[in-house]
Amino acid sequence: MTTLTKPDTSSAPQDPAGDAPFLSVRDLYVRFATEDGTVKAVDGLSFDLERGETLGIVGESGSGKSVTNLAILGLHNPRNTTITGEILLDGQELTGASQRTLERLRGNKMAMIFQDSLTALSPYYTVGRQIAEPFMKHTGASRREARARAIEMLAKVGIPQPQTRVDDYPHQFSGGMRQRAMIALALVCDPALLIADEPTTALDVTVQAQVLDLLKDLQQETGTAIILITHDLGVIANTADKVVVMYAGRAVERGTTREILKEPQHPYAWGLLGSIPRLTASVDVPLAPIPGSPPSLLNPPSGCPFHTRCAFTATVGGDRCSTERPQLPDGRGSACHLTAEQKRDIFIEQIQPRLR
Amino acid sequence: MLRFLVRRVLGAAVILVLISFVTYLLFFALPSDPALLSCGKNCNPQNLALIHKNLGLDKPIPVQWWNYVVGIFAGRHLPLGNCPAPCFGLSFNNDTSVWSLLKDRYPTTLSLAIGGSVTFLVIGVGLGLISAWKQGSVFDRVASSISLLGQSVQIYFIGPLAIYLFSVQLGWLDRGHDPDWTSDPVGSLTGLVLPCLIMSVIFWSNYSRQTRSLMVEQLSEEHVRTARAKGMGSKYVFFRYALRGAMGPIVTIFGIDLGSVFGGAIITEATFGLHGLGNLAVSAVLQSDLPLEMGVMLVGATSIVFFNILIDACYAFIDPRIRLA
């Protein structure tokens with residue numbers, strides 16, 4: 001005789017690193033109240049990330065990439081920002097978490113690298129002190145231990161003579177070195193999640209590659225999950241495992257890096273790929289930029305937000321693109337009304353030839 | 001840092017030499033002849049020439065100026081008496097040494113200037129900080145209206161009112177008297193409370209508003225966001241990162257205000273009946289007492305130049321980018 005017992009739901013949320021992803025963002029909405037109205041900066045975004053994985057988030061400026069990640073860290077301005085949805089980090093809910101909880105996680109379990117290291121580091125304190133601060137706060141280390149740790153981190157990110165450079169101010173570092181110091185700062189507590197917001201945009205191309213390699217090496221060493229925010233598909237190609245393409249605050253396409261680069265499905269992703277200059281391309285062939293500009297998030301277009309700039313609304317037919325919002329399927333897929341066959345055919349016949 | 005200071009001190013010396021020369025020219029080359037005053041009613045050319053000689057007015061102006069400057073450092077023997085260094089000449093009015101008059105009066109003005117500055121910096125910056133911390137709160141709004149009120153009053157108007165209210169009626173505060181730091185430091189301090197408070201009122205609003213807006217600006221800076229991203233507490237971020245960034249501009253504004261601070265101190269001492277440089281200068285001007293005027297002028301200028309250097313040193317201390325430049 002068997003006794004059927006109800007599953008105990010009260011202990012369910014504490015999923016002990018089972019099948020739940022390490023970071024799970026579900027139906028995230030971020031809205032800013034401004035004088036002109038409500039800006040829907042992030043509009044129903046979902047993605048998952050496992051430990052040791054790199055997720056690339058690609059999109060134009062204002063597509064909601066940075067806002068999403070500031071929301072994960074809780075760095076938005078609570079005065080005018082409303083966040084709904086779910087952000088689960090290792091089973092812990094971050095939306096609506098108290099400042100105290102977030103402060104304990106920030107710089108510790110989750111850390112962020114910002115774009116412009118000149119403005120993102122304080123000009124008033126030495127690099128060493130800025131790296132040591134979160135270490136002291138989160139591990140309770142003494143000043144001396146934290147300083148030793150800062151030197152260790154500077155050495156790790158490839159700063160020469162870290163024992164002396166630790167006492168330098170940010171303005172005494174070169175741009176590449178500052179970004180390395182920024183990485184050292186973010187990684188000082190061995191975070192499980194690292195968000196890199198355009199980490200190489202402000203750097204020379206040669207330094208960009210070094211910094212990306214450094215991030216990759218450090219990830220292999222520590223198993224950190226990385227979210228790499230960028231508008232540069234070239235950066236994604238070398239570093240990310242999977243990619244979310246964002247447009248107007250929504251995810252419009254999702255897939256592995258290979259899938260996004262080799263068989264992109266969304267017209268916006270095609271546009272992004274077509275905008276990349278190629279060294280092997282003929283000098284006479286102009287780039288194919290996406291026409292128009294990103295929509296205002298105060299008043300986003302109805303239906304598919306990309307329809308105002310899309311060349312394929314006629315292929316879909318009717319006014320479906322401007323009235324019905326396409327849904328992004330779970331897993332590999334794109335939010336577009338074109339059928340799978342249409343997407344494949346258009347990409348092979350019209351887009352791919354231009355990319356060579 | 002040392003090189004920075006040496007450079008600034010040398011620059012200041014040049015400025016002071018220029019100031020002394022220009023003021024000397026202005027005062028002594030003016031058409032009003034100070035000898036006429038001393039000459040009295042039955043004045044004849046012989047008397048006048050004698051007085052000119054006694055006052056040292058018979059020599060060319062550059063020579064007079066040179067003797068004057070040398071006298072400050074070396075002292076000089078004047079026809080009317082000996083004048084040991086630092087010699088700022090003898091008062092035309094009663095032949096007393098200008099230096100002894102200055103020495104007598106300067107502590108009052110300096111105490112007021114320093115005390116008033118500390119008061120308005122603490123109150124003004126403090127109000128600004130609280131407003132920035134509680135942006136948009138009731139306190140924020142009330143504080144900005146109060147400080148606006150403060151800016152629209154005058155020391156000589158609220159001074160007597162404050163004396164009447166706080167010392168005559170309520171008896172809480174000393175009505176203000178000249179400080180004497182060596183024999184009565186506590187009494188000096190309590191005697192300065194009311195004058196310093198009243199003097200500070202006109203400066204509050206500027207500092208609280210500037211501090212508030214600087215802090216709001218700093219709080220949205222990226223390096224402040226980085227500090228938050230590191231998990232540092234909001235108070236820590238507010239004071240260590242945002243305030244650190246706001247301090248430079250506040251100190252700069254204070255440097256610009258130095259002149260007004262000394263001006264404010266002079267008005268305040270007049271209002272509270274204190275004996276500082278202010279009424280010394282006024283009586284010197286009224287009596288065409290040129291050496292005294294020169295002395296007050298130079299002491300004032302030296303003070304402002306000196307505090308400017310001090311402020312620049314502070315600025316270099318606050319911002320490492322300046323220190324190394």
Side-chain angles (χ1 to χ4, degrees), chain A residues 66 69-70 72-80 99-127 129-139 167-172 178 181-182 185-189 191 194-195 197, chain B residues 1 4 130-141 211-252 312-325:
Chain A
S66 301
N69 291 285
L70 289 176
I72 294 176
L73 259 71
L75 290 177
H76 53 276
N77 181 356
R79 253 178 256 286
N80 60 5
Q99 274 304 316
R100 187 172 286 266
T101 312
L102 288 171
E103 273 167 21
R104 268 203 294 271
L105 292 172
R106 275 188 221 139
N108 191 12
K109 194 164 188 173
M110 51 184 187
M112 192 152 178
I113 299 171
F114 294 99
Q115 174 177 345
D116 184 356
S117 54
L118 185 60
T119 51
L121 290 172
S122 168
Y124 307 109
Y125 299 110
T126 61
V127 170
R129 176 176 169 163
Q130 297 189 54
I131 297 174
E133 257 178 356
F135 192 68
M136 285 164 68
K137 156 131 189 177
H138 296 301
T139 66
D167 294 321
D168 277 358
Y169 289 91
H171 67 270
Q172 293 167 289
R178 261 198 308 270
M182 186 84 225
L185 189 161
L187 294 179
V188 70
C189 291
L194 177 68
I195 299 171
D197 189 351
Chain B
M1 191 67 201
F4 172 84
I130 301 173
S131 290
W133 180 261
K134 302 182 165 193
Q135 266 171 69
S137 66
V138 178
F139 178 91
D140 186 11
R141 276 168 230 171
T211 304
R212 183 189 182 280
S213 72
L214 283 166
M215 286 301 285
V216 169
E217 188 187 308
Q218 282 293 321
L219 285 169
S220 63
E221 287 281 321
E222 285 186 34
H223 69 87
V224 173
R225 187 180 65 187
T226 306
R228 288 178 59 216
K230 294 197 293 192
M232 310 317 289
S234 44
K235 264 188 202 133
Y236 189 91
V237 171
F238 188 84
F239 287 107
R240 295 301 176 91
Y241 281 87
L243 178 57
R244 185 66 189 264
M247 255 156 73
I250 294 174
V251 167
T252 307
D312 281 351
C314 280
Y315 204 63
F317 184 75
I318 291 169
D319 194 335
R321 289 170 296 184
I322 294 194
R323 208 179 306 162
L324 296 146

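If you're wondering where the values come from, they're calculated on a predicted model, not measured in any experiment. Quick note on labels: first sequence line is chain A, next is B, and so on, each numbered from 1.
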When heavy-atom pairs shorter than 4.5 Å are enumerated against chain A, which of B:Ala227, B:Gly233, B:Gly248 gives the highest number? B:Gly233

Contacting moiety of [X], where chain B heavy atoms sit under 4.5 Å:
X        : answer
A:Ile113 : neither
A:Leu185 : side chain
A:Leu73  : side chain
A:Arg79  : side chain

Checking heavy atoms, do the side chain of B:Ser220, its backbone, both or neither come under 4.5 Å from chain A? neither

Any donor and acceptor pair, going by atom type alone, linking the side chain of [X] with main-chain N or O of [Y] inside 3.5 Å?
X        : Y        : result
B:Thr226 : A:Ala120 : yes
B:Arg244 : B:Ile318 : yes
B:Lys230 : A:Gln130 : yes

Working note: B:Ser234 + A:Glu103, criterion side chain to side chain contact (heavy atoms under 4.5 Å, CB included); need CA distance, chi angles, decisive distance, verdict. CA-CA 9 Å; B:Ser234 44; A:Glu103 273 167 21; 4.2 Å; yes

Is a donor from one side chain sitting under 3.5 angstrom from an acceptor on the other, for A:Glu133 and A:Tyr125? no

A:Leu187 CG to A:Ile131 CD1 distance, which is reported to the nearest 0.5 Å: 10.0 Å

Quick check on B:Phe317: does its CZ atom have over 12 non-hydrogen neighbours (other residues, nucleotides or ligands) under 6.0 Å away? no

Heavy atoms of A:His171 and A:Arg178 approach each other most closely as CA-NH1, 4.2 Å

Among residues 130-138 of chain B, which ones touch chain A with a heavy-atom distance under 4.5 Å? B:Gln135

What do you reckon, are the aromatic ring centroids of B:Tyr241 and A:Tyr124 less than 6.0 Å apart? no

May I ask you to name which of A:Arg129, A:Gln99, A:Met182 has the most heavy-atom pairs under 4.5 Å with chain B? A:Arg129

